[in-house]
Amino acid sequence: MEIDKDIQQLISGIESGIHSIERAIELFVESLPGYDFRLHKKVTVEKYDACLRKGPNCFLKFLNQEGILSVEQIQKEHAQRYKDFLLNKLDPQTVRSFITAERLFFQYLFRIGWLQQDLSIGIRLPKPKK
């Protein structure tokens with residue numbers, strides 16, 4: 001009996017208890033729009049995708065540079081270091097989008113049971129310049 005490749009990867013991930021960050025982000029982004037983009041607008045989904053895995057300062061690249069390859073390795077300290085990393089490179093108003101995407105991603109991971117605690121708690125958005 002032949003099992004579809006994606007299903008086999010999912011089964012092996014569940015058995016090992018290790019989840020790829022890239023795959024987790026992909027699942028999160030796919031969950032956002034809902035039927036006919038009723039939950040989030042298309043532009044919002046694209047923005048979160050860029051913040052988490054496609055942009056030059058995306059969360060995925062940051063975690064890879066930190067040596068974090070699976071969801072289970074992510075700690076609260078990584079979230080704070082990522083925020084500091086962004087604030088050293090970007091305007092606080094721009095950083096707000098990245099942090100919002102990161103917080104929603106953490107909430108998603110907690111809801112589906114891939115994280116034992118909700119890492120989004122306590123992550124504050126930077127105050128915009130007046």
Side-chain angles (χ1 to χ4, degrees):
M1 183 169 145
E2 191 171 313
I3 298 177
D4 185 47
K5 180 182 167 189
D6 291 336
I7 294 173
Q8 185 62 42
Q9 285 180 333
L10 185 61
I11 291 170
S12 64
I14 291 169
E15 288 173 349
S16 68
I18 296 173
H19 305 92
S20 155
I21 295 171
E22 189 166 4
R23 179 69 178 140
I25 292 172
E26 184 180 324
L27 291 171
F28 167 68
V29 170
E30 288 173 0
S31 76
L32 288 173
Y35 178 73
D36 201 22
F37 287 94
R38 290 186 182 175
L39 298 177
H40 292 87
K41 293 182 179 179
K42 187 176 182 175
V43 68
T44 304
V45 173
E46 291 170 354
K47 187 175 196 175
Y48 288 167
D49 195 22
C51 290
L52 292 171
R53 76 172 168 176
K54 292 185 178 175
N57 298 307
C58 71
F59 190 51
L60 179 62
K61 285 183 184 176
F62 173 80
L63 289 176
N64 286 338
Q65 291 172 351
E66 294 279 313
I68 307 301
L69 303 175
S70 71
V71 170
E72 292 75 16
Q73 293 177 303
I74 300 173
Q75 300 292 320
K76 188 87 164 176
E77 299 82 46
H78 297 115
Q80 185 58 48
R81 282 200 301 252
Y82 181 59
K83 182 178 174 181
D84 295 341
F85 165 78
L86 292 173
L87 286 170
N88 286 328
K89 297 180 96 175
L90 304 170
D91 178 72
Q93 185 63 34
T94 305
V95 173
R96 292 172 67 86
S97 299
F98 286 88
I99 301 304
T100 300
E102 177 191 37
R103 286 185 353 189
L104 289 173
F105 177 59
F106 285 154
Q107 290 169 4
Y108 171 79
L109 293 174
F110 179 68
R111 275 195 322 269
I112 64 172
W114 288 6
L115 286 178
Q116 298 302 313
Q117 64 177 351
D118 186 355
L119 298 180
S120 70
I121 296 172
I123 299 175
R124 304 279 179 235
L125 294 176
K127 302 218 183 275
K129 291 181 182 176
K130 293 184 180 181

Mind checking side-chain contact (heavy atoms from CB on, under 4.5 Å) for [X] and listing every partner two or more places apart, or none if nothing turns up?
X: Asp91; answer: Gln93, Thr94, Lys129
X: Ser120; answer: Arg103, Phe106, Gln107, Asp118
X: Asn64; answer: Leu60, Leu69
X: Glu30; answer: Glu26, Leu27

> Taking the side chain from Arg38 and the backbone from Pro33, do they hold a donor-acceptor pair closer than 3.5 Å?
Replying inline: no
I need the [X] [atom1] to [Y] [atom2] distance, nearest 0.5 Å.
X: Asn88; Y: Lys83; atom1: CG; atom2: NZ; answer: 12.5 Å
X: Ile21; Y: Glu72; atom1: CD1; atom2: CD; answer: 9.0 Å
X: Leu86; Y: Ile99; atom1: CG; atom2: CD1; answer: 5.5 Å
X: Leu63; Y: Gln73; atom1: CG; atom2: CD; answer: 9.5 Å

>> Run Cys58 and Leu52 through side-chain contact (heavy atoms from CB on, under 4.5 Å) and show every step you take.
In response: CA-CA 5 Å; Cys58 71; Leu52 292 171; 5.9 Å; no
>> My understanding is that only one of Ile112, Leu115, Val71 makes a side-chain contact (heavy atoms from CB on, under 4.5 Å) with His19; could you say which?
In response: Val71
> Taking only residues two or more places apart in sequence, or in another chain, which ones meet Tyr82 in a ring-ring contact (aromatic ring centres under 6.0 Å, His included)?
Replying inline: Phe59, Phe62
>> Once ring-ring contact (aromatic ring centres under 6.0 Å, His included) is applied, do any residues pair with Tyr108, and if so which ones, sequence neighbours excluded?
In response: Phe28
>> Test of understanding: with side-chain hydrogen bond (donor to acceptor under 3.5 Å, both in side chains), list the residues that count as partners of Glu22, not counting sequence neighbours.
In response: none
>> Holding to side-chain hydrogen bond (donor to acceptor under 3.5 Å, both in side chains), I want the full list of residues that pass it with Lys89, two or more places apart in sequence or in another chain.
In response: Asn57
> Which residue pairs pass the side chain to side chain donor-acceptor pair (under 3.5 Å) test with at least one member in residues 41-52, sequence neighbours excluded?
Replying inline: Lys47-Ser97, Asp49-Arg53, Asp49-Lys54
> Are any of the side-chain heavy atoms of Arg96 and Pro126 separated by less than 4.5 Å?
Replying inline: yes
>> Do Ile25 and Phe105 make a side-chain contact, defined as non-hydrogen atoms from C-beta onward lying under 4.5 Å apart?
In response: yes
> Can you name the salt bridge (Lys or Arg N to Asp or Glu O under 4.0 Å) partners of Arg81, sequence neighbours left out?
Replying inline: Glu66
>> When you group the ILVMFWY residues by side-chain heavy-atom contacts below 4.5 Å and let the links chain together, are Ile123 and Phe85 in the same group?
In response: yes
>> Is there a continuous path of hydrophobic side-chain contacts, each under 4.5 Å between heavy atoms, that joins Ile74 to Phe110?
In response: no
> Shortest non-hydrogen contact from Leu109 to Ala24?
Replying inline: CD2-CB, 3.8 Å
